[in-house]
Amino acid sequence: MRSVLFLVFIAFLSAGNAQQMATMTHNGAVRVFHYYIPSNLQPNESVPLMIALHGLTQTGSGLMDITQFNAIAESERFIVCYPSGLQNAWNANMNVSVSTADDKGFIEKLVDYFELTYNSNPTRRYLCGMSNGGFMSHKMVCESSYCFAAIASVAGVMSDTTYNNCNPQHATPILQIHGTADAIVPYNGGGATGASVGDMLTKYQQFYGANLTPVITAMPNSNLTDLSYPELHTYLNGTAAIRHVKIYGGGHQWPGINTLLGGAGTINMDFYSPQFIWDFLSAYSCASASISSISEESIIRIEEYFIKLKSLAEPRFCRIYNYSGKEIFNQHVASNIEIETTYWEPGIYFIDYNDQRMKFFKV
């Protein structure tokens, strides 16, 4: 089960309290993250959360400047977070080691932070990443118990370690954007980077039971001077969507963003990848862990002055937190129990039990 105790320091506010930077201590290290909150966010409004992961040598703030996801977050009303890896890298089990940090735990703690602090929607968590950040996004699908509703990776695949040990606990929709002329993370794989794009997509196809052969659809080739063109590959009939934008002649870049800071090689300018990514991600959600759906199985029941828990086949820890993140209950549940709530303050509470996060209100 997970801990949601945070040491968070708001370092500065700008853009009308919408764009912020904060730090969080995780595993003894101070971690930095920038984020953007859409304007006029209401206390009872639960909006999606997208965590965007930078490439090797980059930073969260640099990714924010390159992608301009903030503008999309404002118009589409979601929270976007840009964390920074230690020494500008993510520990995605890369073939060539670049980090040993617990970045999986850090990203999971960020999810908890935004759900507790800003009431972000736990059924609409998304990940996207470029290069090393894309590798990290795939690692989260393979290793995290948290449900991410969908991920998108630009020019990042699975390392050999992630590929060989991948065991998804959730059927997570996948969008892979990759150029065939990528010299940094080769399309056909390599000893320094890991699996080829094709092998990685086949692994997802096998996990999700999708058709092995994709449906190939031409995409607009509106820019005839960028020396590249995109093609959409769609794997049908699986338990989760698998989409691949194959960019013939494309380099290690964010498509649609004409900047020298984004990557290396040819930049395809036929579509704007940040909006394309959000349009894909936002179509999906995790199964809701609602109190009503679980109570029918008698695992948990909310009554006027009690929370009633039924033990599972294997005893589990139950932890309950108030809205500020303070733990108010922690017990190993080995038999049916009742938790009295008579003297609890009115407000929002969170229960971690049966590997699920549930929210309820005491009035």
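Aromatic pair Tyr35/Tyr118: ring centres closer than 6.0 Å. You'll find the ring centres of Tyr187 and His244 inside the 6.0 Å limit. Residues Tyr204 and Tyr235 keep their aromatic ring centres 6.0 Å or farther apart.
Here the side chain of Arg124 pairs no donor or acceptor atom with the backbone of Phe148 at under 3.5 angstrom. No donor-acceptor pair closer than 3.5 Å links the side chain of His54 to the backbone N or O of Ser84. The main-chain N or O of Trp90 is never found under 3.5 Å from a side-chain atom of Ser99 such that the two would form a donor-acceptor pair. No donor-acceptor pair closer than 3.5 Å links the side chain of Ser144 to the backbone N or O of Val141. Checking side-chain atoms of Ser228 against main-chain N and O of Gly249 turns up no donor-acceptor pair under 3.5 Å. Side-chain atoms of Gln253 come within 3.5 Å of backbone atoms of Gly263 as a donor-acceptor pair (strictly under, hydrogens ignored). Counting only distance, with no hydrogens or angles, the side chain of Thr202 and the backbone of Gly198 share a donor-acceptor pair below 3.5 Å.
Two residues are said to be in side-chain contact when any heavy atoms from C-beta on lie closer than 4.5 Å; Ile174 and Tyr208 meet this criterion. Between Cys128 and Leu53, the closest side-chain pair of non-hydrogen atoms is not below 4.5 Å. With contacts defined as side-chain heavy-atom distances shorter than 4.5 Å, the pair Pro274/Ile257 qualifies. Under the 4.5 Å side-chain criterion, counting only non-hydrogen atoms from C-beta, Thr59 is in contact with Asn88. Here the side chains of Met136 and Lys139 are in contact, with some heavy-atom distance below 4.5 Å. Between Met140 and Ile151, every side-chain heavy-atom pair lies at or beyond the 4.5 Å cut-off. The side-chain heavy atoms of Thr67 and Met130, taken from C-beta on, include no pair separated by under 4.5 Å. In this structure, the side chains of Gln58 and Asn132 stay at 4.5 Å or more apart for every pair of heavy atoms.
Other members of the cluster containing Leu224 do not exist, because no ILVMFWY side chain is joined to it at under 4.5 Å. Through chains of ILVMFWY side-chain contacts below 4.5 Å, Ile267 is grouped with Met269. Residue Val30 shares its hydrophobic cluster (ILVMFWY side chains chained together at separations under 4.5 Å) with no other residue.
Every residue meeting the side chain to side chain donor-acceptor pair (under 3.5 Å) condition with Gln275, not counting sequence neighbours, appears here in chain and number order: Glu76, Asp279. The side chain to side chain donor-acceptor pair (under 3.5 Å) search around Ser196 returns Asp199, not counting sequence neighbours. By the side chain to side chain donor-acceptor pair (under 3.5 Å) test, Ser273 is found to be paired with no residue, residues two or more places apart in sequence or in another chain being considered. Not counting sequence neighbours, the partners of Lys104 by the salt bridge (charged side-chain N to carboxylate O under 4.0 Å, His left out) test are Glu108. With sequence neighbours left out, Cys81 forms a disulfide (SG to SG under 2.5 Å) with no residue at all. Residues satisfying the side chain to side chain donor-acceptor pair (under 3.5 Å) test with Arg31, not counting sequence neighbours, are Asp103. In this structure Phe78 satisfies the ring pair (Phe, Tyr, Trp, His ring centres under 6.0 Å) test together with Trp278, sequence neighbours excluded. Residues passing the ring pair (Phe, Tyr, Trp, His ring centres under 6.0 Å) test with Tyr163, sequence neighbours excluded: none. In this structure Glu74 satisfies the salt bridge (charged side-chain N to carboxylate O under 4.0 Å, His left out) test with no other residue, sequence neighbours excluded.
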request  = Report the C-alpha separation of Tyr82 and Asp65 in whole Å, then their side-chain angles, then the decisive distance to 0.1 Å, and conclude whether the side-chain hydrogen bond (donor to acceptor under 3.5 Å, both in side chains) test is met.
outcome  = CA-CA 10 Å; Tyr82 311 89; Asp65 294 339; over 6 Å; no
request  = Could you walk me through whether Gln176 and His138 pass side-chain hydrogen bond (donor to acceptor under 3.5 Å, both in side chains), step by step?
outcome  = CA-CA 10 Å; Gln176 179 72 25; His138 287 298; 2.8 Å; yes
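Pairing each heavy atom of Pro122 with each of Glu115, the nearest pair is CA-OE2, 3.4 Å. Of all heavy-atom pairs between Thr162 and Ala92, the closest is OG1-O, 3.6 Å. The two atoms that bring Ser131 and Val185 nearest to each other are OG-CG2, 4.2 Å, heavy atoms only. When all heavy atoms are compared, the tightest approach of Asn95 to Ser159 is OD1-CB, 3.6 Å. Looking at every heavy atom in both residues, Pro38 comes nearest to Ile79 through CD-CG1, 4.1 Å. Scanning both residues, Tyr126 and Ala149, for their nearest heavy atoms gives CE2-CB, 3.4 Å.
Between atom CG of residue Leu236 and atom OG1 of residue Thr213 there is a gap of 10.5 Å, rounded to the nearest 0.5 Å.
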